[in-house]
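For reference, the structure discussed in these notes is given below.
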Amino acid sequence: MQKSQESTQEDVVRTGKPIIEIKGLHKSFGKSNDILKGLDLTVNEGENLVVLGKSGSGKSVLIKCLVGLIRADQGEISVFGNNITTLDSNNLNAVRIRMGFLFQNAALYDSMTVRENLAFPLKRHQKDISDEDLDKTIRESLDSVGLEEAIDKMPSELSGGMRKRIGLARTLILKPEIMLYDEPTTGLDTITSREISELILAIQKKNKTTAIIITHDMACAKLTADRIVVLKEGVMEAEGTYESLENSEDEWIRSFFI
Amino acid sequence: MVVYLKNKFSDAGTATLFAARFFKEVFRPPLEIKEFLRQCYILGYKSLVLVGITAFIMGLVMTLQSRPTLVEFGAEAWLPGMVALSLVKEIAPVITAVICAGKIASAIGAELGSMKVTEQIDAMEVSAVNPYKYLVVTRVLATTLMIPLLVIFADAIGIFGSYISMNIHTDITLFRFLSKALGSIEFIDIIPATIKTFFFGFFIGMIGCYKGFTAANGTESVGRAANAAVVSASITIFVIDMIAVQITDLFL
């Protein structure tokens, strides 16, 4: 397959040194179900990278490989200079603490209140934290997503958008340097989707995070992306800014932007 | 057929590795004491009523049904001892464990299965919290400790049910009934019966956790995980009981 490079090196926003480097990543499920077929990708410090692609093109598998939820079959994934594919569980956890992952359905712990959801990772990684500091940090994190009033609610009492925000607050509480968003606006109405997209942007500005955003929502991509990569059949098909890909000569690439 | 057997052996291997991990993780800090106590409350304390009612009926019915035969042989005086011995050695441990397999293994299977499907277990893992330690070790420890206690509780309630049943036909004081019932039980009867309940508890918790943890994606698999947990745990209880009785028979 011919890879079409939609923009030159100069077009692409280069905000810092490479923080994630993926080389020749392969992943298959079963004998004939190859999802990633030698993907190469670099993410620079401080940039928001949006990953587009049809369902089944390996977008979610890619970010799950990045945090070690799925073990790659072949290839190298370097995050903060550590090769994720060869790390033992202790070292992998040390890298995971520096990364945040927002799941498609927020993945809030059903049996816990919002407060307990946020306290859960914090208490385990800052064992000597006082109750006062814990409460203060939880409230600050909830305030950053505009939902301090939901502190004592159960996840079942929250709407889809609120769940996403709380999921984001829980992820942000450990102050990650890299954020991974798995379809952050899926299933939300247009207004809430825009609010979540703006929140992603605000988080990047405030915390200086690097982010990979998997999405099908082009409004979200337009608002948040410094750079976009398009996956097709397990490899990168195109790379560039929103504008450059929107005006691509390739009809298949343009079809994402209609 | 070959593929079926290969899958079954592969599944057995995965289950063995899953269970073996428990012994590696159980002593490794952090000890999730609060979650362990919460699970003891949910899995143990909240099963008291169900186990109590079942045990009471078991004692009552066993006494009622055994009485006519013993009366025929003029051996009615042996009834309290016979019922108490049957309850302590076999009926209470097995029935309580089967009841708990239905209530606890299915609850664990469904809860963890649902957590798996909704990516809550993955969320725990990416926040660098060991989900096996937090979810599996605490639940398995809780069931291993709570099932023996529930069985002891069932023994007591079952014997009380038997006393009530005896009083339907004869007039016997509680003191006399207990002295006859407990007089027939020796420590050598209680020890193997109690030891096997720890195994029952361990396997009820472990099977529930394994089925939940390995649930595939999709809500249908949650129900399947709960169902498979009950079926596997119930069969395992009878297999363990058979092995325990054989071992006891060899040595005692």
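Note that the structure is a prediction, hence the values are computed from the model and not measured. Lettering of chains follows the sequences in order, A, B, ..., and the numbering in each one begins at 1.
- No close placement of the A/Tyr109 and B/Tyr134 rings is indicated, their centers lying 6.0 Å or farther apart.
- With a 4.5 Å cut-off on non-hydrogen atoms, B/Glu35 does not touch chain A at all.
- For A/Leu180, no part lies near chain B; criterion is any non-hydrogen pair under 4.5 Å.
- For A/Lys37, the NZ atom counts as densely surrounded, since its 6.0 Å shell holds more than 12 non-hydrogen atoms of other residues, nucleotides or ligands.
- When all heavy atoms of A/Pro155 and A/Asn117 are compared, the closest pair comes out as CG-ND2, 3.9 Å.
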Let me see the working for A/Met99 and B/Val126 under side chain to side chain contact (heavy atoms under 4.5 Å, CB included), right down to the final yes or no. CA-CA 8 Å; A/Met99 299 165 85; B/Val126 295; over 6 Å; no
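- Note on A/Asp110, A/Ile97, A/Leu174: by heavy-atom pairs under 4.5 Å with chain B, the leading option is A/Asp110.
- Contacts with chain A were tallied for B/Asp122, B/Thr118, B/Ile121; B/Asp122 has the most, counting heavy-atom pairs under 4.5 Å.
- A heavy-atom distance below 4.5 Å is found between the side chains of A/Asp135 and A/Arg139.
- With chain B as the partner, the residue from A/Leu69, A/Asn105, A/Thr171 showing the most heavy-atom pairs under 4.5 Å is A/Leu69.
- For chain B, no part of A/Ser89 is nearby; none of its heavy atoms comes within less than 4.5 Å.
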